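What follows is a short report on a single structure.
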Amino acid sequence: MAEVDLVAEFPRPAGATRWAEVMARFAAGLNAQGRRVVLITSGGTKVPLEARPVRFLDNFSSGRRGATSAEAFLAAGYGVLFLHRARSAFPFAHRFPPQAWLSTLRPSGASPSGALSLEADEKALPGFASALRRYQEAAAAGTFLAIEFTTLADYLHLLQAAAQALSPLGPSAMFYLAAAVSDFYVPASEMPEHKIQSSGGPLQITMKMVPKMLSPLVKDWAPKAFIISFKLETDPSIVIDRARNALDTYRHQVVVANILESRRSFVIIVTKDSETKLLLSEEEEEKGIEIEEKIVNDLKSRHTAFMCDKN
Ligand code: PMT
């Protein structure tokens, strides 16, 4: 049966063609080095309610899961394509909000060529120098590429392009779909052009369901890749069933199940025949260990086994 283009009805973001080329070059370069590549999606999507949008439907995701996981995947030797919501948590930078460095970094002079020197007390900004070093090493090695999305439409087009860029890598590509993607949207043809007026009284909107992109991703866009989706719930009693349901429906490899309140310290890695609980102890938290290190370690081993099986 001919493949239906689920993304085509969403407006294509400016720059999508250029980004598709950049992603394809990035993936091909790392593939030629024999490096595994992971696409991380991170942060929430924004859905406009008006054609000239003033109001949006958004969600809670901070992007911290994606950003911290990107650091762990780079440390594990992966190339990382980081598809993230603009202004959400960014790898190596998210632990240092502007108020921390604005009050700590001090200009200490400028050279005749105009280069500015900055100094800071390492104790006032712990981890900053190491984060900077690790970021710059990844940038210099060409193992990290960050691309931003804001709206649902941006996300869907960029995800499709990223999947097409990674598809030639076969089983050595991993998809780590941690973004919280809107399930609902207002089609362009049904959107009011101008700002919705409050003088019209209480607002009633009917939103359409967003098609699940896992389906074309697994079947058509990157059928040989190792694919991990996430499942977030607020009710712990249903999360495993929901994760299993996703595995049965889309036939991908792993679901990482998590609960809103405990997501920083507890997840369950669900596959078709296993459930593995990953828990961060208080001691580990005090040492600054993050749950993403455990998630990435676990998934890296599963990815290795998957690649061996496919080769
Ligand atoms: O960002 P943080 O604050 O650190 O929080 C991290 C997180 C809680 C957002 C993350 O760990 C997480 O669970 N992300 C997925 C949230 C979720 O349950 O989304 P969902 O039920 O809408 O989608 C489930 C899966 O289907 C996701 O992997 C998503 O990529 C995929 N999906 C969703 C919608 C859609 N139209 N197509 C999809 O393929």
Side-chain angles (χ1 to χ4, degrees), residues 6-7 9-10 38-47 57-72 82-91 94-95 149 151-160 162-163 174-185 187 207-222 225-236 238-270 278 280 290-296 298-299:
L6 296 175
V7 173
E9 77 164 274
F10 295 87
V38 59
L39 170 77
I40 299 178
T41 68
S42 182
T45 58
K46 209 168 160 183
V47 174
L57 180 74
D58 208 335
N59 70 57
F60 72 97
S61 172
S62 65
R64 194 169 130 187
R65 170 85 79 226
T68 313
S69 302
E71 297 164 12
F82 186 64
L83 186 56
H84 68 290
R85 164 73 178 272
R87 291 186 290 282
S88 63
F90 196 82
H94 63 104
R95 295 179 197 84
F149 62 85
T151 64
L152 172 71
D154 301 344
Y155 171 84
L156 297 176
H157 281 278
L158 290 169
L159 175 68
Q160 184 180 39
M174 183 195 286
F175 288 76
Y176 183 88
L177 304 171
V181 182
S182 178
D183 285 322
F184 310 102
Y185 76 110
M207 301 183 90
K208 259 178 87 172
M209 292 294 298
V210 177
K212 282 281 181 193
M213 291 302 142
L214 270 168
S215 181
L217 176 65
V218 175
K219 279 204 270 192
D220 306 312
W221 299 347
F226 187 62
I227 297 180
I228 296 134
S229 71
F230 278 69
K231 181 46 73 186
L232 175 83
E233 293 295 344
T234 49
D235 177 355
I238 63 169
V239 71
I240 294 293
D241 276 359
R242 305 295 300 140
R244 295 226 155 275
N245 188 39
L247 288 174
D248 288 346
T249 309
Y250 304 111
R251 311 244 153 228
H252 58 304
Q253 286 70 40
V254 179
V255 176
V256 179
N258 55 169
I259 303 297
L260 187 64
E261 290 76 19
S262 60
R263 70 190 191 278
R264 304 278 173 238
S265 57
F266 178 61
V267 302
I268 309 169
I269 308 282
V270 186
L278 301 180
L280 203 60
E290 288 166 294
I291 188 83
E292 286 75 14
E293 293 170 45
K294 295 193 175 201
I295 302 175
V296 168
D298 177 288
L299 293 176

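We're numbering straight along the sequence, starting at 1. Indexing begins at 1, ligand by ligand and atom by atom, following the structure's order. Owing to the predicted nature of the structure, the values given are computational and were not obtained by experimental measurement.
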Report task. Check Ala179 against ligand 1 and report side chain, backbone, both or neither, counting heavy atoms closer than 4.0 Å. Result -> backbone
**Report entry** Short side-chain to backbone donor-acceptor contact, Thr45 and Thr151, under 3.5 Å
**Finding:** no
Query raised in the report: Would you say Gly43 and ligand 1 have an N/O pair spaced under 3.5 Å apart?
Result: no
Query raised in the report: Got an N/O contact under 3.5 Å between Gly63 and ligand 1?
Result: yes
**Report entry** Taking atom 2 (P) of ligand 1 as the reference point, the nearest protein heavy atom with its distance
**Finding:** Ser62 OG, 3.4 Å
Query raised in the report: So how far is it from Met207 CE to Ser182 OG, rounded to the nearest 0.5 Å?
Result: 6.0 Å
Query raised in the report: Can an N or O of Pro211 be found at a distance shorter than 3.5 Å from an N or O of ligand 1?
Result: yes
Pair up each side-chain donor or acceptor in residues 253-262 with any protein partner under 3.5 Å, not counting sequence neighbours, and list the distances.
| residue | atom | partner | partner atom | Å |
| --- | --- | --- | --- | --- |
| Gln253 | OE1 | Ile227 | N | 2.8 |
| Asn258 | OD1 | Arg65 | NH2 | 2.7 |
| Asn258 | ND2 | Lys231 | O | 2.9 |

Report summary line: Judged by heavy atoms only, the candidate from Leu152, Thr41, Leu177 nearest atom 30 (O) of ligand 1 is Leu177
Requested in this report: State the atoms of ligand 1, each with its element, that fall below the 4.0 Å cut-off from a heavy-atom position in Arg264.
Outcome: 2 (P), 3 (O), 4 (O)
Report task. Please assess Val296 against Val38 for the test side-chain contact (heavy atoms from CB on, under 4.5 Å), listing each intermediate value before the final yes or no. Result -> CA-CA 11 Å; Val296 168; Val38 59; over 6 Å; no
Query - Residue pair Phe149, Arg85: steps toward the side-chain contact (heavy atoms from CB on, under 4.5 Å) verdict - result: CA-CA 5 Å; Phe149 62 85; Arg85 164 73 178 272; 3.7 Å; yes
**Report entry** Euclidean distance, Ile295 CD1 relative to Phe230 CZ, rounded to 0.5 Å
**Finding:** 5.5 Å
Report summary line: Filtering Tyr250, Phe230, Tyr185 for the heavy atom nearest atom 15 (C) of ligand 1 leaves Phe230
**Report entry** Close approach, Arg242 and ligand 1, non-hydrogen under 4.0 angstrom
**Finding:** no
**Report entry** Minimum-distance pair of heavy atoms, taken over all atoms of Ala163 and Ala222
**Finding:** O-CB, 4.2 Å
**Report entry** Identity and distance of the protein heavy atom lying nearest atom 1 (O) of ligand 1
**Finding:** Ser61 OG, 2.6 Å
Query - For atom 6 (C) of ligand 1, closest protein heavy-atom neighbour - result: Arg65 CB, 3.6 Å
Query raised in the report: Using a heavy-atom cut-off of under 4.0 Å, does the side chain or the backbone of Asn258 touch ligand 1, or both, or neither?
Result: side chain
Report task. Compute the centroid of each ring, for His157 and then for Phe10, and state whether the two points are separated by less than 6.0 Å. Result -> no
Query raised in the report: Side chains of His252 and Ser229: does their closest heavy-atom pair fall under 4.5 Å?
Result: yes
Report summary line: If you scan protein heavy atoms around atom 10 (C) of ligand 1, the nearest is Ala178 O, 3.6 Å
Query raised in the report: For ligand 1, which atoms, with element, lie under 4.0 Å from some heavy atom of Ser229?
Result: 28 (O)
Query raised in the report: Among protein heavy atoms, which sits nearest to atom 23 (O) of ligand 1, and what does the distance come to when rounded to 0.1 Å?
Result: Lys212 NZ, 3.6 Å
Query - Contacting atoms of ligand 1, where contact means under 4.0 angstrom from a heavy atom of Met213 - result: 35 (C), 37 (N), 38 (C), 39 (O)
Query - Nearest-contact summary for atom 5 (O) of ligand 1 - protein heavy atom, Å - result: Arg263 NE, 3.1 Å
Query raised in the report: When you look for heavy atoms under 4.0 Å from ligand 1, do you find them on the side chain of His252, its backbone, both, or neither?
Result: neither
**Report entry** Nearest non-hydrogen partners of Gly63 and Ser42, listed with the distance
**Finding:** O-OG, 3.2 Å
Query raised in the report: Residues in salt bridge (charged side-chain N to carboxylate O under 4.0 Å, His left out) with Arg95, at least two apart?
Result: Glu71, Glu290
Report task. Only heavy atoms count here, so choose which of Ile295, Ile228, Leu214, Leu217 is nearest to atom 31 (C) of ligand 1. Result -> Leu214
Requested in this report: Return the minimal non-hydrogen interatomic distance between Arg264 and Ser62, and the atom names on each side.
Outcome: NH2-OG, 3.4 Å
Query raised in the report: Which protein heavy atom lies closest to atom 16 (C) of ligand 1, and at what distance to 0.1 Å?
Result: Leu232 CB, 3.8 Å
**Report entry** Mode of Lys231 contact toward ligand 1 - side chain, backbone, both, neither (heavy atoms, under 4.0 Å)
**Finding:** both
Query raised in the report: Between Gly43 and Ser61, which heavy-atom pair has the shortest distance, and what is it?
Result: CA-OG, 3.3 Å
Query raised in the report: Of the backbone atoms (N, CA, C, O) and the side-chain heavy atoms from C-beta on, which set of Ser42 has a member under 4.0 Å from an atom of ligand 1: side chain, backbone, both, or neither?
Result: neither
Report task. Tell me which protein heavy atom sits closest to atom 22 (O) of ligand 1, plus the residue, atom name and distance to 0.1 Å. Result -> Val181 O, 3.5 Å
Query raised in the report: When you check the side-chain N and O atoms of Tyr176 and Ser69, is any donor under 3.5 Å from an acceptor?
Result: yes
